[in-house]
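Below, chain A is the first sequence line, B the second, and so on; all start at residue 1. Heavy atoms only: backbone and side chains are in, while hydrogens, waters and symmetry mates are out.
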2 protein chains.
Amino acid sequence: WGERQRTNAAATLEHCLRWMHHVGWIDNFRAAVEGRLPRDRRGREFSDSDVYKLIEAMAWEHGRTGDPGPDAAIRELTAIIAPVQEDDGYLNTAFGRPGQPGRYSDLEWGHELYCYGHLIQAGVARARTAGADDVFVTIARRAADHVCDVFGPDGLDGVCGHPEIEMALVELARYTGEQRYLDQAVAFVERRGHGTLADIEFGRTYYQDDVPVREADVFRGHAVRALYLASGAVDVAVESRDDDLLDAVVRQWEATVARRTYITGGMGSQHMDEAFGDDFVLPPDRAYSETCAGVASVMLSWRLLLATGEPRFADLAERTLYNVVAASPAADGRSFFYANTLHQRRRGAVPAADTDSPRAASSMRAPWFAVSCCPPNVARTLAGLATYLVTAGPSGLQIHQYADAVVSTHLDDGAPVGFETTTGYPHDGVVTVRITEAPGTPWTLSLRVPAWATRGGVLVEPDGRRRPVEPGTADVHRRFAVGEVVRLELPTSPRWVAADPRIDAVRGTAAVERGPLVMCVESPDLPAGHEVDDVRVDAASAPADADGTVTVAGSYEQVGDASWPYQSPASSSGTRTPARIPLVPYFTWAERGPSTMRVWLPTLTPEGGPADEHT
Amino acid sequence: WGERQRTNAAATLEHCLRWMHHVGWIDNFRAAVEGRLPRDRRGREFSDSDVYKLIEAMAWEHGRTGDPGPDAAIRELTAIIAPVQEDDGYLNTAFGRPGQPGRYSDLEWGHELYCYGHLIQAGVARARTAGADDVFVTIARRAADHVCDVFGPDGLDGVCGHPEIEMALVELARYTGEQRYLDQAVAFVERRGHGTLADIEFGRTYYQDDVPVREADVFRGHAVRALYLASGAVDVAVESRDDDLLDAVVRQWEATVARRTYITGGMGSQHMDEAFGDDFVLPPDRAYSETCAGVASVMLSWRLLLATGEPRFADLAERTLYNVVAASPAADGRSFFYANTLHQRRRGAVPAADTDSPRAASSMRAPWFAVSCCPPNVARTLAGLATYLVTAGPSGLQIHQYADAVVSTHLDDGAPVGFETTTGYPHDGVVTVRITEAPGTPWTLSLRVPAWATRGGVLVEPDGRRRPVEPGTADVHRRFAVGEVVRLELPTSPRWVAADPRIDAVRGTAAVERGPLVMCVESPDLPAGHEVDDVRVDAASAPADADGTVTVAGSYEQVGDASWPYQSPASSSGTRTPARIPLVPYFTWAERGPSTMRVWLPTLTPEGGPADEHT
């Protein structure tokens, strides 16, 4: 992740800024001041929000390294944005001017509150990394006050078509201690599900206005909307000590994880409405699995982890970080996946370098999209990634995610405590934690043992004692001395995984995982003349791992076209060439030019077709 | 089909007319005359076309039975429409008035030429059933002349975002003998694929403006658009004796049938853009398979059959008629499927009786849709169905589709010839053809032996001789006498069908067909406590047929939720209750209230999951 963060800082932030200038989203603010709106407005109605997301990413990056570059960029953007804010705090380049729709005239699709949400989240990030007096923070606070004025108890009884404001207001309430922001967040969460938004073609389910948050059974509708709302609901529940609401979200999370989540952690299977499909409808080839839904799922998992302390939430966050969020940006940080298919059947075209691309049109990452929420969303996630690693509680420290890290904090009693983590994770399962500061009294260091580490995990205590660990949490409680080492050894030999038999779309297939990584077959690794769709695997034979190069036993099967593809089962099934099939981590695919790829591999044995009725 | 036609006449035509009044599509024409547009316009930009489709259905119905009802209705509608036509022949309620977009200002989405296409097809139907002097025919001709004026050699170099005008102009050229109409159709077909339309989010592929018709390899993009265009191209090819163009369409049809067609004959798997998916992407649960695409596929198959005489085209038409077109209308002819899923996982709500429904929101047929192309499209297909049954050629008559029918025509030399067909098709495979008129010279009666009749088909000649027949065509060449009988006996015992192994979405499943009918499992037929998704079948055991009640051996399997649905293959797979599983014809489903249904049934043996790597 360190390398990812460096690339994010060195390439992605500048890349996003350049594109936002190029496509005019930053100029929209200038045009507002210069009276050139609506004539000169470019981008979708929510384009302001992407500028704010980028500012949030820059704020975390500035806080992470102290690099003055992002700080200067934020100041520059602040100067452009500030004059657009109106006297009452209203701030949006798409509404309210002559020739534009009126303020809050289209809560369904207008995204005004959504834009404030990102503005406020960016404001909180800026406040936490540059102080409360920063001009951008002031803008965000004024916007929040405006929202409370307009949508408060005596105001408009509405919610935004796209949740996001809820968690932003709670974050601001946490930072400022202002009860008013929390109250407004509570109001938005409670109002939703009562049909104040219109019944659109996709139904009110699309924006979760079909069922109140605390009554719903499962996440449904537009995936990013559903997950942002759930995140906001957890924030509200935690700050209001509302266990019923928290339990409701946990219940929905459980049902969604059990029935509506891809093996990568990806959520939202439908392209049409970017929505969760029905239970168990998880087609790999038509997976939408939007990058932003992955980011949102990580945000939600993290909140649930903080609220409950349960490692299952960190497990899903890990899976989603490695197999959705990390899959989106290219290694160079300058192109992105918007949708994250699990099965690419055709080589796509190389996306345009200078114009924005459709969301899911190619087999390759694109530099920018007409709706380009994903690049800055990934950027802010990577810039703020450090916050996901470790928590401190009354009895000690808990490590939830493994990466090279230096941690220095204090226990509840104020005693300083610190450690350094070094690991080759995820390629290698060994995590070494060396104590760098110790209070002299006993405390507990907790390490998450991932759910995938079902067998062979070992914890090595400072005294050299090795003890087997099971998925969950492994604790070491002792009076640590500086320099002592705790080592977690997790088994990363590749393993077969089978899907719930109710996931029809992957029946008769198996996938390979290695540590937290989902593996895939990609065309550049196959011999000439063979395609990923020719691959048949022998799942009775364990995958092999030669220094990280994973292969499985199988065959390439070639099938000719029948004039009609539905025949008596007696029909033959083509020719098979036995082979060892190479696999690579899913998140690394599509870095070698247009390619084909698949995660779920049809199994060779047993053969499977029904028998001929005459045999 | 006779019963379907009677229901169509007695219920569907009146149902469509009532709804078109109810939703204001007919009033749009009145509003145009009264100067109430655009203020009072209702419906989508193409709503005029549905009124024309209904007129076409009424025209064929009037021609079929001579019933004065549809004739009167056409006259009434004609009186409403006629005054809207402008002096230069232009006719559209959505464009060209103050406050409306300008004529032909939006060829991508405006559907103006598409509306003319339906107007002209309706005009030809009217001309063929009521004569060329009818007022409606005159309207259609004036519109066609207008199109040729505006889009002719010196006019606008454009095509319509939705093909349809092409085949309409050829049909009009055939009826009138006017070369100009054919030339214009040729121009539209040749212009397409050169990117005159904008590059929209779905790409130019959506409206087949990506590749010229004669260079394409497969049908792609929006399914109805692709199939209407192909139909127009066949019409053009036949009338221009352009074998290259015909071959190109045949090649595309072959690739589409081999790789992009559901077992029902349904085409277009994607909900998002109502489009063909990639090769072999045919998810049953997310099947869009629009009714109109089924209608369009039948239109295309019929044209290809006429152009080539090859029974494979009649085979697909049969499959599509029984399993897509017939599935759309309810038995009472007053509600319809727009999309035709092959796997319904949840019971839907009962659709609203008085407001239009979304396209694919329920498990039940709906009385009307906001975009309601399908009901009148089915109506015109059923009203004109007789034309699909039989052709006459130089050497005799060919029967392509089997239904009770009385045929009276003449051979090329003018000699009268006729027969009566009686059959219990599709439930029963016996077709009896009794000669009712005979010229006294030898001629050939050809009967299609469907592709599904791979074993056991028998033709009984007039002299009682029985000979086995193979899929293709069975000919009887003789000097027929009046009263002689030819009998075709086709095997309708139910049979297992397996899919091409490249159709990932149905791997590890099998389906049952009986005669031309695709069968399905539907929840009302299952014991309490079991759902269609519990069904596992033993495809090694032949399906049973007790007087048309089809069952297969299998089990109900119940699986509990895992906290995470992707596990080591060792995990158990639930409990199984052996049973005989009942099936019903797919086209009859959803007539008994909200239900669940599936066509592709997971096979019990072999079990399938990959082995545990430690065993």
Side-chain angles (χ1 to χ4, degrees), chain A residues 201 203 254 257-259 263 270-272 277-279 281 283 285-286 312 343 345-346 358 361 370 451 454 495-505 507-511 533 539-540 542-543 557 559 561-569 571 573-574 602-603 606-611 613, chain B residues 201 203 254 257-259 263 270-272 277-281 283 285-286 312 343 345-346 358 361 451 454 495-505 507-511 533 539-540 542-543 557 559 561-569 571 573-574 602-603 606-611 613:
Chain A
E201 184 189 351
E254 286 169 347
V257 170
R259 298 169 165 243
I263 188 173
Q270 296 187 182
H271 280 245
M272 185 174 60
D278 281 350
D279 287 349
V281 181
D285 50 2
R286 293 291 298 158
R312 57 181 174 155
H343 183 179
R345 293 168 177 277
R346 281 186 305 166
T454 49
R495 57 193 185 276
W496 285 115
V497 177
D500 187 302
R502 291 168 294 181
I503 303 177
D504 286 296
R507 188 180 304 287
T509 69
D533 285 351
E557 178 175 278
V559 183
D561 274 10
S563 58
W564 177 245
Y566 309 100
Q567 299 287 347
S568 152
S571 316
S573 60
T603 51
E607 173 59 348
E613 74 266 39
Chain B
E201 185 190 351
E254 287 170 347
V257 170
R259 297 169 165 241
I263 188 173
Q270 297 185 184
H271 280 244
M272 184 174 61
D278 281 350
D279 287 348
F280 305 114
V281 182
D285 49 3
R286 293 290 297 158
R312 57 181 175 154
H343 183 179
R345 294 170 176 274
R346 283 186 305 168
T454 50
R495 57 193 184 275
W496 285 114
V497 177
D500 187 301
R502 291 168 294 182
I503 303 177
D504 286 296
R507 188 179 305 287
T509 70
D533 285 350
E557 176 176 279
V559 183
D561 274 9
S563 59
W564 177 245
Y566 309 99
Q567 300 287 349
S568 152
S571 317
S573 60
T603 51
E607 174 56 351
E613 74 265 40

Is it the backbone or the side chain of [X] that comes under 4.5 Å from a heavy atom of chain A, or both, or neither?
{"X": "B:Asp278", "answer": "side chain"}
{"X": "B:Asp561", "answer": "both"}
{"X": "B:Arg507", "answer": "both"}
{"X": "B:Arg312", "answer": "neither"}

**Request:** Return the set of residues passing side chain to side chain donor-acceptor pair (under 3.5 Å) with A:Asp500 (not counting sequence neighbours), or none when no residue passes.
**Result:** A:Arg502
**Fill in**
Across all chains, not counting sequence neighbours, the side chain to side chain donor-acceptor pair (under 3.5 Å) partners of B:Asp279 are B:Arg259, B:Arg260
**Prompt:** In Å and rounded to the nearest 0.5 Å, what is the CZ to NE2 distance from B:Arg286 to A:His271?
**Reply:** 10.0 Å
**Message:** Nearest 0.5 Å, please: how far is CG in A:Asp285 from CZ in B:Phe280?
**Reply:** 12.5 Å
**Prompt:** Relative to chain B, which of A:Ala562, A:Ala505, A:Pro602 shows the most heavy atom pairs under 4.5 Å?
**Reply:** A:Pro602
**Prompt:** What do the steps show when you test B:His343 against B:Thr509 for side-chain contact (heavy atoms from CB on, under 4.5 Å), and what is the final call?
**Reply:** CA-CA 13 Å; B:His343 183 179; B:Thr509 70; over 6 Å; no
**Item:** Heavy-atom pairs under 4.5 Å with chain A, option from B:Gly277, B:Ser563, B:Pro565 with the top count
**Value:** B:Pro565
